[in-house]
Each structure stands twice: as structure tokens, then as C-alpha cells.
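Comments concern the structure below.
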Amino acid sequence: MPELPEVEIVKRSLQKSVYLRKILKVKVNNRNLRYKVDKNFEKKLKGKKILNISRKAKYITISLDNYTFFCIHLGMSGTLHIVKNKFENKKTNLSFYHSPVLGKKHNHLIFYFKDFKIIYNDPRRFGFIKIFENKRTFNNYFSRNGCEPLSKNLNLEYLKKKLNLSKKNIKNVLLDQKIISGIGNIYASEILFHSKIRPNRLVNSLNQKEISNIIISTKFILNKAIRKGGSSIRDFKNSDGNTGSFQNEFKVYNKEKENCPNSSCKNKIKKLNISNRSTFYCNICQK
DNA sequence: CCGTTAACCTGAGAGC
DNA sequence: TGCTCTCAGGTTAACG
């Protein structure tokens, strides 16, 4: 579900509440996430202080005061909720899943702090939590990721090299986390509309200018989405009122048969199925 | 090696 | 109302 901008927003909110705070206790209600939660997870986190909260691609990463690390991936439907002890009913939802009602039965993990707790809820259980014993295993795990799209590492030289000899289409390349890590299905369509390139274009047909435009659009769209607080689809509103608003800025995603947002274009948005993912584009504005 | 497909899950919404 | 079907923001093992 959440792509880079949403994970970034969740990370920022988390940071405000848990930075330098001690985890009093962890309760695991269901270990069967995408991967089984480490059987000693509770023991390893108990009493540890949180030294840093960060984001790598779509992962939230947390470092503890005993040189261990863990990461949270929200999958398609994972959400985090901050619940203050004094206001049990007033949850702060730090996520973007579309359902306004999240059954308690999907509260798989609970992190207890002095005056609040953080709940990990995930109906589909595509998310996961992984613990690392040291910095080396932590870094090693993330070394398989491609570059961060908002870093200087995503540049013309890097992408040209990655696209060289590839036989894939550009949509699949944008979704390939080993090339660029953090873009998901919504932003891939939005980025390609912004760069005026059709999603099914084979990358070996792209010229240097087009590759450059894709890089510019990637950074532009992701940064704008972060500024807007991420995307919350299907009218999801969190109880804190901090709903993201980038869904109002979608130009093509989920807009099949609607008018192309380019006012001089009278075309309707088309929907394509690429590798079993819905893809939206304008076949006049995008070449 | 490469690129594609199937699989992992639950729940919402559409159509009948 | 309820049944069936499709779809959903992700990742990756298995396959050809």
C-alpha cells in the first residue's frame, strides 16, 4: 500500500513520539506476517531505547541502544497507530490504508511505552518486521535495494547504466526496487504522465532526454507527494485529521475514462494491465 | 543470467 | 440479503 511518500510521513510522525523513548514491552499477537516474526523479538526489544528512526525505500528502520536494528515494512495494508494511555479511544493513525474501520483482530504487534502504545495492524499480512543483530547484517540487507530516488544517486549516469541492455518496459523498471527503491504502483503512473512517456515503452527505445525527464519527474512527484502528506485513497480519514491530500493531485491514477488533465487535450485516460498491475496514462500526451 | 507469473492474505465493492 | 467475482498502494520464489 504505502509507497515512499507515505512511509516518509509515517516515519516523521513516529519520530516525534518515540525518539529516545524506551520500549517497556512488546506484545506479539500474531507472528505470521509475510515472514514469521523472530521468536525472540519481544525479548530483544524489551527495555531498549530508540536512538534513531529512519526510512530506506519503503521500510521504516529503527536503531536501538544495544546496537541492534529492526525494520517495519507495511506491505499493502499495514498501519501504525499511536494510542495514548489517557485517551484510549483517540487513536492517532499514522497510515494510509483505505479502510476507516480496522478490526482489532488484525492488531498483530503492540509496542508499549510509558504513556502510550504503538499498534501494528495489518489485515492482509503482507507487511513484516525484521530484526538485525548488528550494523553489518542491517546494511547487508538493504544493499540489495536500488538507489534512493530522492538522493543524488539517482542521476542520468546511474539510470542509463541500469537501463542499458534491459528489455523491460519503463513501468516495470520504475517498480523494480533493485533499480530505484521506493516507487510503487500509484506513483509509477503519475511519474510517467508527468514525464510524458507511455508506460509500455521499452527502455531501450528511450533517448537520453527522456531518461533525464523520468528522473526529474520522479523527484518532482515524490517530493510533491511528501509535501502534501502522502496519498490517502477512498476517503480514509485518520482520527487526528492528518489525512494526506496527494490523492487530490492524481492526474491519471484510477482515472480511466476521465478527461486528460491537460486542458488542451480532449483525450480520455486509458487503463493498461502491465504485469498484472493497473496502469493509467494518456495516449496522446504520453509518447 | 533475464523477465514473467503465481503466490501470499483479507476485505471492499460491483453485479446479479 | 447473499452469493460470486474482481480488485487493492508489495515482494519474491519459481518457472521457462
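Every chain is numbered from 1, with letters handed out A, B, ... down the list of sequences. Every heavy atom of this structure was used, including side-chain atoms; hydrogens, water molecules and symmetry mates were not.
- Between A:H73 and the phosphate of C:dT11, there is a side-chain N or O to OP1/OP2 separation shorter than 4.0 Å.
- Using a 4.0 Å heavy-atom criterion, one finds that A:R144 contacts the sugar-phosphate atoms exclusively.
- Side-chain N/O atoms of A:H106 include one lying less than 4.0 angstrom from OP1 or OP2 on B:dG11.
- Of the residues near DNA chain B, A:K167 and A:R124, the one whose nearest nucleotide (by heavy atom distance) lies more toward the 5' end is A:K167.
- Considering only side-chain N and O atoms, A:S166 lies under 4.0 angstrom from the phosphate OP1 or OP2 of B:dG3.
- Listed nucleotides: C:dA8, C:dT11, B:dT4. Nearest to the side chain of A:N172: B:dT4.
- Of the P atoms belonging to B:dC9 and C:dA14, the separation is 15 Å, rounded to the nearest Å.
- Under the side chain to side chain contact (heavy atoms under 4.5 Å, CB included) criterion, A:L51 pairs with A:L20, A:K49, A:S63, A:D65, not counting sequence neighbours.
- With rounding to whole Å, A:I186 atom CD1 is found 10 Å from C:dA8 atom C1'.
- The shortest heavy-atom contact between A:N185 and A:L175 is N-CD2, 3.6 Å.
- Seen from the ring of A:F246, A:K228 does not count as a face-on cation partner, given the 6.0 Å and 45° thresholds.
- In this structure, A:N169 atom CG and B:dC2 atom C1' are separated by 14 Å, rounded to whole Å.
- Looking at the side chain of A:N185, the nearest of the listed nucleotides B:dG3, C:dT12, C:dG9 is C:dG9.
- Phosphate proximity of C:dG9 to A:R277: present, with a side-chain N or O under 4.0 Å from OP1 or OP2.
- In this structure, A:S275 does not reach the B:dG3 phosphate: none of its side-chain N or O atoms is under 4.0 Å from OP1 or OP2.
- For the pair A:R144 and A:Y141, the cation sits on the ring face: its NZ or CZ lies under 6.0 Å from the ring centre, inside 45° of the axis.
- With pairs defined as Watson-Crick or G-U wobble and both atom distances under 3.5 Å, the stems of at least three pairs that touch DNA chain B come out as B:2-8 with C:10-16, B:10-16 with C:2-8.
- For the OP1/OP2 pair of C:dT11 and a distance below 4.0 Å, the side-chain nitrogens and oxygens of A:Q177 include at least one atom meeting the criterion.
- In this structure, A:K58 does not reach the C:dG9 phosphate: none of its side-chain N or O atoms is under 4.0 Å from OP1 or OP2.
- Among the heavy atoms of the strands lying under 4.0 Å from A:K105 are primed sugar atoms or P, OP1, OP2 only; no base atom is included.
- The side chain to side chain contact (heavy atoms under 4.5 Å, CB included) search around A:E258 returns A:K255, not counting sequence neighbours.
- Between the side chains of A:T68 and A:N66, at least one donor N or O lies within less than 3.5 Å of an accepting N or O.
- A:I183 places its CD1 atom 14 Å from the C1' atom of C:dG9, with the value rounded to the nearest Å.
- Side-chain proximity of A:K168 to C:dT12, C:dT11, B:dT4: nearest is B:dT4.
- Residues passing the side-chain hydrogen bond (donor to acceptor under 3.5 Å, both in side chains) test with A:S275 are A:N172, sequence neighbours excluded.
- Within residues 31-42 of chain A, no residue has a heavy atom under 4.0 Å from DNA chain B.
- When the side chain to side chain contact (heavy atoms under 4.5 Å, CB included) test is applied to A:S181, the partners found at least two apart in sequence or on another chain are A:A57, A:N145, A:E148, A:Q177.
- Taking atom P on both nucleotides, C:dC7 is separated from B:dT5 by 16 Å, rounded to a whole Å.
- The base of B:dC9 does not come close enough to the side chain of A:R125 for any donor and acceptor atom to sit less than 3.5 Å apart.
- Here the two rings, on A:Y59 and A:F142, have centers that are under 6.0 Å apart.
- Applying the 5.5 angstrom centroid cut-off and the 30 degree plane-angle cut-off, the aromatic ring of A:F126 is stacked upon the base of B:dC8.
- Between A:K44 and A:E133, at least one side-chain N (NZ, or NE/NH1/NH2) sits under 4.0 Å from a carboxylate O, which counts as a salt bridge.
- Listed pair A:Y187 / C:dG9 fails the phosphate criterion, with no side-chain N or O lying under 4.0 Å from OP1 or OP2.
- When ring centroids are compared, A:Y67 and A:F132 stay outside the 6.0 Å threshold.
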